[in-house]
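Order of the sequence lines fixes the chain letters, A, B, ..., with proteins taken first and strands second; residue numbering starts at 1 for each chain.
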Amino acid sequence: MKTIGAGELRAQNAGETVTLAGWVARRRDHGGVIFIDLRDASGIVQVVLNPDEAPASEEVLHGLRSEYCIQVTGTVRPRPEGTANQELPTGAVELAAHGLVVLSPSAPLPFQIDERVDIDEGLRLQYRYLDMRRTRMAGNLRARSAAIGAMRRVMDRGDFLEVETPTLIASTPEGARDMLVPSRLRPGHFYALPQSPQLFKQLLMIGGVERYYQLAKCYRDEDFRADRQIEFTQLDFEGSFWGQDEVLDVLEQIVVEVVQELRGEEIELPIARISYADAMEKYGTDKPDLRFGMEIVDLSDLFADTEFKAFAGVLGSQGTVRGINGGALGLARSGLDRLVERAQELGARGLVWMIVQEDGSLRSPVAKFLSEREIAAIKGAFDASPGDTLLIVADEAKVVTSVLGQLRLTVGQPEDSDELAFVFVLDFPVFDVNDDGSLSPAHHPFTAPADVDELASNPETAISQSYDLVLNGSELGSGSVRIHDPEIQAKVFEVMNIGAEDARSRFGWFLEALRYGTPPHAGFAIGVDRMVSILRGEPNIREIIPFPKTQTGADPLTGSPGRVEEDQLFQLGIDVRPEVRIGWAEAEEDAGA
RNA sequence: GGGGGCGUGGUGAAGUCUGGAGUUCACGCCGGCCUGUCAAGCCGGAGGUCGCGGGUUCAAAUCCCGUCGCUCCCGCCA
């Protein structure tokens with residue numbers, strides 16, 4: 001139907017007779033001669049329809065409209081002197097048409113297929129098939145495909161075996177909510193869609209597959225965010241006789257290959273590494289954005305004898321005083337007030353700001369409480385220059401760290417930066433300490449602790465052999481060395497408060513498998529959508545997912561999720577609760593009235 | 001579960017704070033003119049239940065209440 005792609009035509013094709021097929025991206029009808037910008041998957045080329053050459057009836061020619069699907073046969077020729085278009089790769093040539101067929105006309109469009117305005121996203125999703133004719137989406141789909149291609153190259157190079165694991169599995173209620181699928185053959189029973197292929201890939205290791213990978217669809221029934229959908233894709237891989245170093249080595253290869261593919265840039269190895277403890281200490285988060293410094297500085301010693309009561313009080317009760325140098329923010333009073341409000345929203349009791357004046361003095365609400373010696377020490381601690389804004393929070397360490405970590409992003413995160421700052425965050429703790437002092441597992445219970453005895457004796461400070469890959473302040477994925485010893489696995493369950501009976505009933509099949517010569521193994525999973533969205537500079541992962549869902553989990557194109565026939569429910573042995581049916585009836589009444 | 005933003009011809013926006021005739025701009029659409037444009041140009045035209053419901057008022061796109069949708073964030077995401 002076509003002999004070459006529209007976007008492939010170049011000066012050296014001049015003289016050739018070719019057939020193109022694609023869409024009318026734009027038409028410039030001069031009454032006589034008509035120019036058509038013909039777009040297909042390969043690009044755009046200008047087609048010239050000249051009445052003297054009578055390629056088709058007047059009716060057809062002047063009737064062409066936006067996004068008509070057409071086929072054109074003609075001769076490639078250089079454009080006349082002075083009419084070349086530098087903006088187009090094909091701009092040196094044009095197609096002189098001598099035959100044109102409308103393959104399929106188009107109804108008037110719900111929005112224009114160009115980049116002139118930001119269309120409401122709900123409308124874009126409802127007409128996603130039109131949205132993806134636009135260069136933005138077409139480019140993102142290609143980038144996603146290219147990224148996956150690059151990942152597969154690394155996997156192939158490393159002799160990884162691609163294995164598909166099931167997506168209808170047993171629910172293990174822990175961590176995120178499971179997406180459930182009712183079983184017809186066993187009424188009242190449910191499959192869960194996998195949150196990750198975790199246990200299956202470990203079974204593959206036990207099964208002698210020494211290197212495995214999969215582009216795995218994963219499902220987590222939690223609320224949406226700009227970087228979170230309930231359904232998403234991970235590059236999941238695992239290796240036997242591996243520890244952390246082998247995993248990070250593969251990750252570095254993936255990063256290099258993908259960044260090269262998508263941006264043509266060299267990433268320098270090794271990728272930076274930071275411990276979880278250091279990341280929290282310096283940046284107040286386990287996913288630091290290292291495109292900028294602005295490290296958190298501890299000022300507790302400096303304020304040991306302060307006359308400022310708020311600080312003194314906090315320091316007297318095991319608290320801490322820390323701050324960041326926001327640099328030359330140039331904020332007016334209102335902007336500083338907003339920072340104070342922001343800090344309070346984030347959980348701080350207050351925020352003290354100080355601005356270094358030209359004469360070396362500090363402008364600050366608390367300036368009158370500060371001695372000369374303290375002022376000098378503060379400036380020294382922050383390495384402050386005139387114009388710098390210093391932001392200081394006093395509270396218990398956990399609050400101070402998290403507030404300053406987020407304020408750091410508020411004032412420091414670059415807006416239109418194309419810089420990439422990858423970093424491995426290592427040595428995560430086994431447990432997170434909750435506000436009430438209780439412990440909750442920071443990772444799934446198959447993560448190997450650094451030291452089992454330490455885990456038992458000091459669970460709140462115990463380190464696990466787990467690691468994250470972070471890019472520009474976003475977590476791209478995480479992984480760990482897994483437990484391969486059933487005894488250690490049992491101890492971990494115990495410390496995590498999963499009783500032996502409980503563990504057997506939920507994971508008995510897996511504990512059984514561990515008993516048969518399980519090789520030491522380790523692995524990782526990278527969020528493909530998230531990685532591509534950051535590398536493409538997109539603000540959310542919906543731009544990278546071909547058919548994403550809205551924040552309420554709906555698909556405006558197909559109308560999912562939908563209700564089903566009563567008979568379907570009957571066959572599944574399930575019913576919808578009465579209060580939900582009442583809700584349906586009320587909604588229908590409102591719609592009718 | 002909670003907080004913020006948005007909703008105005010097909011699209012994008014202005015108008016809303018401070019109530020006074022569906023007013024405006026750009027693109028698109030329809031018709032006419034036009035043989036070298038490339039966001040073609042010029043002339044003319046059509047097109048709106050201001051998301052929906054209720055309230056206040058002589059009068060509501062505008063103020064108030066509710067609701068729906070989209071979005072950003074907190075919680076949540078072992």
Q: Would you measure the distance from the C1' atom in B:C38 across to the matching atom in B:A21 and give it in whole Å?
A: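 Here B:C38 and B:A21 have their C1' atoms 43 Å from each other.
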
Q: Measuring only the P atom in each nucleotide, how far is B:G36 from B:C27? A whole number of Å is fine.
A: 22 Å

Q: Do the side chains of A:L95 and A:V48 get nearer than 4.5 Å, heavy atoms only?
A: no

Q: Using a cut-off of less than 4.0 Å, is there contact between a side-chain N or O of A:T550 and OP1 or OP2 of B:C70?
A: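 Indeed, a polar side-chain atom of A:T550 lies that close.
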
Q: Quick one, A:E475 and A:R530 - any side-chain contact, counting heavy atoms below 4.5 Å?
A: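 In contact.
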
Q: Can you tell me the Watson-Crick or wobble partner of B:C63, both distances under 3.5 angstrom?
A: B:G55

Q: If we call it a pair only when both distances are under 3.5 Å in a Watson-Crick or G-U wobble match, what pairs with B:G44?
A: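 The answer is B:C30, by the H-bond criterion.
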
Q: So for A:E81 and B:G36, does any side-chain atom that can act as donor or acceptor lie under 3.5 Å from a complementary atom in the base?
A: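 For A:E81, whose side chain was compared with the base of B:G36, there is no donor-acceptor pair (under 3.5 Å).
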
Q: Taking the C1' atom in each of B:G51 and B:G5, what is the distance between them to the nearest angstrom?
A: 16 Å

Q: Hey, what's the ring geometry for A:F428 with A:H443, parallel, tilted or perpendicular (30° and 60° as the breaks)?
A: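 Correct class here is perpendicular.
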
Q: Are any of the side-chain heavy atoms of A:L49 and A:I36 separated by less than 4.5 Å?
A: yes

Q: Using OP1 and OP2 only, check whether a side-chain N or O of A:R225 sits under 4.0 Å from B:U71.
A: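 No.
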
Q: Could a donor-acceptor pair under 3.5 angstrom be found where the side chain of A:R65 meets the base of B:G28?
A: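 No, the side chain and the base share no sub-3.5 Å donor-acceptor pair.
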
Q: Does any nucleotide pair with B:C77 by Watson-Crick or G-U wobble geometry, both distances under 3.5 Å, and what is it?
A: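 Result: none.
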
Q: Mind checking the C1' distance from B:C73 to B:C64? Whole angstroms is fine.
A: 27 Å

Q: Which whole-number value in Å describes the distance from A:F35 CZ to B:C38 P?
A: 9 Å

Q: Between B:G19 and B:A61, how far apart are the C1' atoms? Round to whole Å, please.
A: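 Pairwise C1' distance, B:A61 against B:G19, rounds to 10 Å.
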
Q: Applying the Watson-Crick and G-U wobble criteria at under 3.5 Å, what pairs with B:U16? Answer none if nothing qualifies.
A: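 With both distances under 3.5 Å required, B:U16 matches none.
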
Q: Find the distance between CZ (A:F111) and CG (A:L123) and round it off to the nearest 0.5 Å.
A: 5.5 Å

Q: Using a heavy-atom cut-off of under 4.0 Å over every strand shown, decide if A:V117 touches base, sugar-phosphate, or nothing.
A: sugar-phosphate

Q: Can you measure A:H443 atom NE2 to B:C77 atom P for me and round it to whole angstrom units?
A: 13 Å

Q: Sort out the partner of B:G7 for me: Watson-Crick or G-U wobble, both distances under 3.5 Å, none otherwise.
A: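 Check on B:G7: paired to B:C68, both distances under 3.5 Å.
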
Q: Determine: side-chain N/O of A:Q46 to OP1/OP2 of B:U37, distance under 4.0 Å, yes or no.
A: no

Q: Does a distance-only test, which skips hydrogens and angles, find a donor-acceptor pair under 3.5 Å between the side chain of A:D120 and the base of B:G12?
A: no

Q: Holding to side chain to side chain donor-acceptor pair (under 3.5 Å), I want the full list of residues that pass it with A:R342, two or more places apart in sequence or in another chain.
A: none

Q: When rounded to the nearest Å, what value does the distance between C1' atoms of B:U35 and B:G28 take?
A: 25 Å

Q: Between A:R124 and A:E543, does any side-chain N to carboxylate O distance fall below 4.0 Å?
A: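 So A:R124 pairs with A:E543 through a salt bridge.
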
Q: Less than 3.5 Å between a donor and an acceptor, one on the side chain of A:N85 and one on the base of B:C38, is that the case here?
A: yes

Q: Whole Å only: how far is the CD1 atom of A:I498 from the C1' atom of B:A78?
A: 9 Å

Q: Return a single string for nucleotides 40-48 of chain B, one symbol per nucleotide in 5' to 3' order, where B is base contact, S is sugar-phosphate-only contact and - is none, cutoff 4.0 angstrom on heavy atoms.
A: B--------

Q: What distance separates A:Y467 OH from A:Q244 CD, expressed to the nearest 0.5 Å?
A: 6.0 Å

Q: Can you measure A:Q551 atom CD to B:G75 atom C1' for me and round it to whole angstrom units?
A: 13 Å

Q: When the P atoms of B:G1 and B:G48 are compared, how many Å lie between them, rounded to an integer?
A: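 Going atom to atom, P in each nucleotide, I get 39 Å.
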
Q: Within the 4.0 Å heavy-atom criterion, would you say A:R542 contacts the bases, only the backbone, or no part of the nucleic acid?
A: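 Answer is sugar-phosphate: A:R542 comes under 4.0 Å of backbone atoms only.
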
Q: Quickly, which of A:F200, A:F493, A:F446 forms a ring-ring contact (aromatic ring centres under 6.0 Å, His included) with A:F510? Name it, please.
A: A:F446

Q: Scan A:E115 against the nucleic acid and name what it touches under 4.0 Å (heavy atoms): base, sugar-phosphate only, or nothing.
A: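 The residue A:E115 makes no contact with any strand.
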
Q: Determine the interatomic distance between P on B:G20 and the same-named atom on B:U62; round to the nearest Å.
A: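 To the nearest whole Å, 11 Å.
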
Q: Regarding B:C77, can its base be found pairing with the side chain of A:R228 as donor and acceptor, where the two atoms are less than 3.5 Å apart?
A: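 Counting by modelled atom types and ignoring angles, a donor-acceptor contact under 3.5 Å is found here.
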
